[in-house]
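The structure appears below as structure tokens.
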Amino acid sequence: MTRLAAGTLVSGLVATGVLAGAGTAAAASGTSGTVRGEGGAAATGEGLKTYGEAVIRGAAGDQQVSAGLFEMFVEGGGMLQTYGVDIHTPTQTDAKYYETAWSGTSLGADEDAGRISWILRNSYPQVNDLAALADRAGVRGQLTEQDAAAGTQVAIWRYSDDVDVEAVNPQAEQLADYLEKSARSQREPRASLTLEPPAVSGRPGELLGPVTVRTGADSVTVSPPADAATSGVRIVDRDGEPVTTVADGGEVFFEIPEDTPADTVELTVQASTTVPVGRAFASDSRSQTQILAGSSTSTVSATASATWAERGAIPAVSARTNCAEGGVDVTALNQDDEPFTLELAEREYTVEPGESHTVTVPLAEDRAYDFTVLGSDGFEKRFTGMLDCRTRAAETGVDVQTLSGPTPTPLGGTAADVNLAATGASSLTPWIVGTAITLVVLGGTALVITRQRETARES
């Protein structure tokens, strides 16, 4: 029997948890953790680098913002250029970002995400001949890099946030209008590197797998488990031959020696490639979601785990954010010869040998979650994270034009006044203003009461 234990968590880990475990090995170690994203590039945000100005039109006034290209440094080497999604969410300084599927971000529930992908492929910096871009868009006058970046970002915001926003520069605004009107839906690009499935299981003395490599790189380097030298675990092909490199579509297996005590190990694969334009990047600090506009040759990686035990059901359990359904998909893959029973949301699910089953756990937006799948023979796996699936405008359920934001910046203001693209509209501002008004009212009331008491005493 397996059940779901739920709780709360103070930390805010993002996107996808991939965990596997079985038997007493999991129970003894109390294993838990989160692997962010499906695999691919991990990077640190460096802020806006090429940008112009834009204005958000709203009933409460006009807000001036900076709009353009962000840059990120990739862990292991490489540089990414991105545009922002979710205009009212701040971008945190030095935020860590992880490549992820659209389904793990607000793009997953956005029917216009495919149009954003078209914009990215048909504008700056993918089209770096600015004269040709200006001619194609019918731009009157010279189009600079700053104008091109601002116009592209504005067009993206119109689809990602459904916001009334205009570029300040006329050339940038003309480009934004052209991109918005010309955009056609395109498919989501595939990940730069993933392993499918992310978790496998079985008995010692068997080949556990296969794990299939999916990548656009020419070749992928395979790193064996950290303790492979002592445990005897090897990464091999279907014939049992050691594997050190593999191409797209290649399969690898975990070879577990007989009589090896129950345990879980992890392999890592790594490659150098360009990340496909249109890939989403989510952070682990609720920093503004990014979407890729350009990539140098960058380091990408992915991991997969293998769990084994001599007896009992040995499921491989993983979790992935599903923003379209507003929750997390928990998948149990049973590669053993005994059924595995999973209980989630007070319902039982039996996964037969050689089959898998996915259950969606509904979760609250912007709330940390922490739940553990428990089972017989000491099975225990914990999933933690924070659901970040909607833009700030969508979270309020109110049209963005009526939102209370920072004090509007006049059109003559500078980028330093309000920089939503770099910092986001502060959600504290309405609270501060409301608190100040309340204090003024309370102070005035207290003064009136005091004067009435003094008058009464004098009488």
Side-chain angles (χ1 to χ4, degrees), residues 15-16 36-41 43 69-70 72 80-86 97-128 133 136-137 152-162 176 178-198 212-218 220 247-250 271 273-282 289-298 300 302 318 320-327 329 331 358 360 388-391 394:
T16 305
R36 305 168 181 89
E38 302 173 298
L69 271 175
F70 291 82
M72 297 187 190
L80 306 177
Q81 293 176 303
T82 63
Y83 286 106
V85 174
D86 192 1
Y97 280 88
Y98 304 89
E99 183 182 345
T100 188
W102 288 356
S103 61
T105 71
S106 61
L107 296 170
D110 186 350
E111 61 182 13
D112 290 321
R115 296 180 186 272
I116 296 173
S117 185
W118 185 96
I119 291 172
L120 293 165
R121 287 176 170 83
N122 291 273
S123 191
Y124 182 78
Q126 288 301 303
V127 180
N128 56 19
L133 180 59
R136 185 186 310 165
T152 305
Q153 176 67 92
V154 166
I156 290 171
W157 277 333
R158 290 174 182 174
Y159 281 121
S160 65
D161 294 77
D162 193 23
Y178 159 77
L179 294 172
E180 179 186 13
K181 295 174 183 177
S182 302
R184 301 291 182 269
S185 185
Q186 293 188 339
R187 292 182 179 180
E188 177 182 2
R190 71 172 185 167
S192 59
L193 177 61
T194 58
L195 294 175
E196 301 174 355
T212 304
V213 175
R214 304 295 185 192
T215 183
D218 295 332
V220 174
D248 179 43
T273 187
T274 56
V275 182
V277 171
R279 288 295 292 171
F281 280 79
T289 300
Q290 303 286 304
I291 189 164
L292 190 70
S295 168
S296 69
T297 299
S298 301
V300 296
S318 62
R320 177 176 297 175
T321 302
N322 183 346
C323 285
E325 297 297 329
D329 287 343
T331 299
T358 299
T360 300
D388 182 10
C389 286
R390 291 182 288 175
T391 63

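Residues satisfying the side-chain hydrogen bond (donor to acceptor under 3.5 Å, both in side chains) test with T105, not counting sequence neighbours, are none. Every residue meeting the salt bridge (Lys or Arg N to Asp or Glu O under 4.0 Å) condition with R190, not counting sequence neighbours, appears here in chain and number order: D248. Under the side-chain contact (heavy atoms from CB on, under 4.5 Å) criterion, D329 pairs with N322, T358, T360, sequence neighbours left out. Taking Y124 as the reference, nothing meets the side-chain hydrogen bond (donor to acceptor under 3.5 Å, both in side chains) condition, with sequence neighbours excluded. Partners of E325 according to the salt bridge (Lys or Arg N to Asp or Glu O under 4.0 Å) rule, which considers only residues two or more places apart in sequence or in another chain, do not exist here. Scored by the side-chain hydrogen bond (donor to acceptor under 3.5 Å, both in side chains) test, T215 finds no partners at all (sequence neighbours excluded). Residues passing the side-chain contact (heavy atoms from CB on, under 4.5 Å) test with S106, sequence neighbours excluded: V85, T391. Partners of P125 according to the side-chain contact (heavy atoms from CB on, under 4.5 Å) rule, which considers only residues two or more places apart in sequence or in another chain, are L69, Q81, Y83, A293. With sequence neighbours left out, S192 forms a side-chain hydrogen bond (donor to acceptor under 3.5 Å, both in side chains) with E99. R158 pairs by the salt bridge (Lys or Arg N to Asp or Glu O under 4.0 Å) definition with E173, D177, E180, not counting sequence neighbours. With sequence neighbours excluded, the residues forming a side-chain contact (heavy atoms from CB on, under 4.5 Å) with A302 are L193, L195, V269, listed by chain and number.
Applying the salt bridge (charged side-chain N to carboxylate O under 4.0 Å, His left out) definition to pairs two or more places apart or across chains, those involving residues 102-113 are D112-R115.
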Exercise for the section: Take T321 and S103 through the test side chain to side chain contact (heavy atoms under 4.5 Å, CB included) and record every step on the way to the result. Expected result: CA-CA 7 Å; T321 302; S103 61; over 6 Å; no
